[in-house]
Structure formats: C-alpha cells, structure tokens
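Take a look at the structure below.
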Amino acid sequence: QVQMVESGGGWVQAGGSLRLSCTASGLRTPIYMGWFRQAPGKEREVVSCISSSGTTTAASESVKGRFSISREKSKNTLYLQMNSLKPEDTAMYYCAANPASAYDGLCLLQPTAYNYWGQGTQVTVSS
C-alpha cells in the first residue's frame, strides 16, 4: 500500500521560511516526485519537481530563487525549502510521486503525470 505523508506546514509571517517534508512509502525506487499547491478557488499548480535521479529540478516562475526542492533517494523522501515567503504563497501544499522505469533526468511538471498524492499540508503566510 502506498502512503504519502507530508509535514512541515504552518503559519509564518511574510519574509519567513518553512521546510516541507514528504515521505513516500510502499513505492519502489526510482520514482519521480514533485510539489504542487492549491489555493482556495484556484486550480492545483506545480511548485517544483525533481527527477528520479535527483539531477534535474524545475520550478514555477513564481517561486524561482525562493524555493528549493531536494530529495533523499534511498528513503523516498522529498523536501521543499521555502524562503522569503509571500502572502500569495498561502495554499495547501501537496507532495506527488510516480514510478519511473529508470533513474533519469525527467522532471514531471503536470499534475496528471502523478498517480500518488499526499493529503496536503497547509502553508499560511501573513502580511
């Protein structure tokens, strides 16, 4: 059984930092992983993704230079370091994963590319 568990969300003032974590159990490596977010009344959007090899990352323009994605391949653990947070970053953040056929440099940006999702962790940034 696959389980995706996120942690690390919370409330922070603008300019502050948070670090999100996600552990994917029940999935054999290699896997593709990514972070998405959804604000009330808006569609789910990609925040950042990382390849199964961990060598390739990508991020949305809105978070480039502020957020950093990383992973521990051996533990199927994913992180999102969020710095210089803004009120517009307020959203539910979701971790996503999908099995890969090999360790490669593909970074999956579309939510439809992922079959496994966590329950989400709320991030609230006040001005």
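One is the number of the first residue; the rest follow in order along the sequence. Scope of the values below: all heavy atoms of this structure, side chains included, with no hydrogens, waters or symmetry mates.
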Should [X] and [Y] be regarded as members of a common hydrophobic cluster, given that ILVMFWY residues are connected when their side-chain heavy atoms come within less than 4.5 Å of each other, either directly or indirectly?
| X | Y | value |
| --- | --- | --- |
| I31 | I50 | yes |
| L78 | V63 | yes |
| V12 | Y93 | yes |
| L85 | W11 | no |
| V47 | L108 | no |

Can any side-chain N or O of [X] pair as donor or acceptor with the backbone N or O of [Y] at less than 3.5 Å?
| X | Y | value |
| --- | --- | --- |
| T90 | T124 | no |
| Q13 | S126 | no |
| S48 | A58 | yes |
| E72 | T77 | no |

Could you tabulate the donor-acceptor pairs under 3.5 Å formed by side-chain atoms of residues 16-30, not counting sequence neighbours?
| unit_1 | atom_1 | unit_2 | atom_2 | d |
| --- | --- | --- | --- | --- |
| S17 | OG | N83 | OD1 | 2.9 |
| S25 | OG | Q3 | O | 3.4 |
| T29 | OG1 | Y103 | OH | 3.2 |

Heavy-atom closest pair, residues [X] and [Y]:
| X | Y | value |
| --- | --- | --- |
| K64 | A59 | CE-O, 3.2 Å |
| M92 | G120 | SD-C, 3.7 Å |
| M4 | A96 | CE-C, 3.7 Å |
| N76 | R71 | OD1-NH2, 4.3 Å |

Please determine whether side-chain contact (heavy atoms from CB on, under 4.5 Å) holds for the pair D104 and S52, giving the CA-CA distance in whole Å, both sets of side-chain angles, and the decisive distance to 0.1 Å. CA-CA 6 Å; D104 58 36; S52 56; 3.3 Å; yes
Side chain to side chain donor-acceptor pair (under 3.5 Å) partners for Y94, two or more places apart: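 Testing Y94 for side chain to side chain donor-acceptor pair (under 3.5 Å), a comparison that skips the adjacent residues, returns none.
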E88: which residues meet the side chain to side chain donor-acceptor pair (under 3.5 Å) condition with it, sequence neighbours left out?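 With sequence neighbours excluded, E88 shows a side chain to side chain donor-acceptor pair (under 3.5 Å) to no residue whatsoever.
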Note, M82 side chain near D89 side chain (heavy atom, < 4.5 Å):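 SC-SC contact between M82 and D89 ruled out.
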Spatial distance of atom CG (L106) from atom SG (C49) [nearest 0.5 Å]: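 Reported value, rounded in 0.5 Å steps: 9.5 Å.
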Point-to-point distance, once rounded to the nearest 0.5 Å, from CZ of R44 to CZ of R37: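 Reported value, rounded in 0.5 Å steps: 13.0 Å.
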What residues join V5 in its hydrophobic cluster, counting side-chain heavy atom gaps under 4.5 Å, either direct or through other members?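 In the cluster with V5 there is nothing else; it is isolated.
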Each residue besides Y79 in its hydrophobic cluster should be listed here, by chain and number; the cluster joins Ile, Leu, Val, Met, Phe, Trp and Tyr at side-chain heavy-atom distances under 4.5 Å.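 Y79 shares its hydrophobic cluster with no other residue.
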What ring pair (Phe, Tyr, Trp, His ring centres under 6.0 Å) pairs are there with at least one residue in residues 24-69, not counting sequence neighbours?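 Those involving residues 24-69 are F36-Y114, F36-W117.
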